[in-house]
J.: 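Take a look at this one; I'll ask things after.
Letters A, B, ... are given to chains in the order of the sequence lines, protein chains preceding strands, and every chain is numbered from 1.
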Amino acid sequence: QKEVEQNSGPLSVPEGAIASLNCTYSDRGSQSFFWYRQYSGKSPELIMFIYSNGDKEDGRFTAQLNKASQYVSLLIRDSQPSDSATYLCAVNSMGGSQGNLIFGKGTKLSVKP
Amino acid sequence: DAGVIQSPRHEVTEMGQEVTLRCKPISGHNSLFWYRQTMMRGLELLIYFNNNVPIDDSGMPEDRFSAKMPNASFSTLKIQPSEPRDSAVYFCASSRSSGRARGGELFFGEGSRLTVL
């Protein structure tokens with residue numbers, strides 16, 4: 001059973017702080033990793049993807065991947081109240097069909113003004 | 001461009017009734033996914049089509065669930081008979097394998113919230 005684990009939170013950070021969201025996955029053969037954001041009552045939307053070990057930065061967001069530890073994280077710098085949402089980690093395993101993503105249950109982030 | 005369109009947005013039905021959820025993917029996308037989301041189990045993949053062909057239906061809970069994709073612009077998810085434990089938000093999503101995220105960028109519809117009494 002391929003699994004993606006996330007701390008459900010809620011994670012509460014003050015405005016302007018760095019929010020750190022973590023995710024572990026069970027399938028060592030996984031090749032592609034994604035972070036989706038889901039606002040309450042809305043559908044998920046892709047915000048970051050990463051394939052190689054190391055860091056990938058996009059604006060205030062940085063995705064970090066460590067395949068040896070089977071660990072992927074998302075850092076949000078200068079957190080804003082508008083970042084308050086549930087963040088879903090998703091993994092595309094090597095054995096799965098292209099685009100067949102396994103999602104974690106998500107971490108709820110609350111950014112306090 | 002129109003996004004993924006799902007209908008109905010809300011459905012309330014009684015146990016034992018048939019439920020049909022509908023989805024129109026984004027034009028040009030070659031993959032279509034049906035997901036179910038609950039608080040307890042999160043977002044679960046039910047079935048995945050590629051070029052209208054079902055590729056992976058291992059997530060379909062049981063024979064009460066069935067899905068079809070008769071053409072590139074339409075898909076249905078049917079539950080017959082429905083049970084209270086089927087209550088969830090059902091999302092349809094589409095993607096294209098040539099996209100920026102190697103097919104991992106799923107575009108979700110707004111979801112169909114199903115309540116089975």
J.: Counting C-beta onward and ignoring hydrogens, is there a side-chain heavy-atom pair between A/Asp78 and A/Gln80 closer than 4.5 Å?
T.: yes
J.: Name the orientation class of the two ring planes belonging to A/Tyr51 and A/Phe34 (parallel below 30°, tilted from 30 to 60°, perpendicular beyond 60°).
T.: perpendicular
J.: I'd like to know if B/Lys24 pairs up with B/Glu110 as an ion pair, taking the criterion as any Lys NZ or Arg NE/NH1/NH2 lying under 4.0 Å from an Asp or Glu carboxylate oxygen.
T.: no
J.: By a 4.5 Å heavy-atom criterion (distance strictly below it), what part of B/Leu45 contacts chain A: side chain, backbone, both, or neither?
T.: side chain
J.: Determine the interplanar angle of the B/Phe33 and B/Tyr48 rings, folded into 0 to 90°, and report it as parallel if under 30°, tilted if 30 to 60°, perpendicular if over 60°.
T.: parallel
J.: Heavy-atom cut-off 4.5 Å, strictly under: side chain, backbone, both or neither for A/Tyr36 against chain B?
T.: side chain
J.: Can you tell which part of B/Glu44 gets under 4.5 Å to a heavy atom of chain A, answering side chain, backbone, both or neither?
T.: neither
J.: Would you mind checking which part of B/Arg113 comes under 4.5 Å of any heavy atom in chain A, side chain (CB onward), backbone (N, CA, C, O), both or neither?
T.: neither
J.: Find out whether the Lys NZ or Arg CZ of A/Lys42 is both under 6.0 angstrom from the six-membered ring centre of B/Phe108 and within 45° of the ring's axis.
T.: no
J.: Using heavy-atom distances under 4.5 Å, tell me whether A/Leu88 contacts chain B through its side chain, its backbone, both, or neither.
T.: side chain
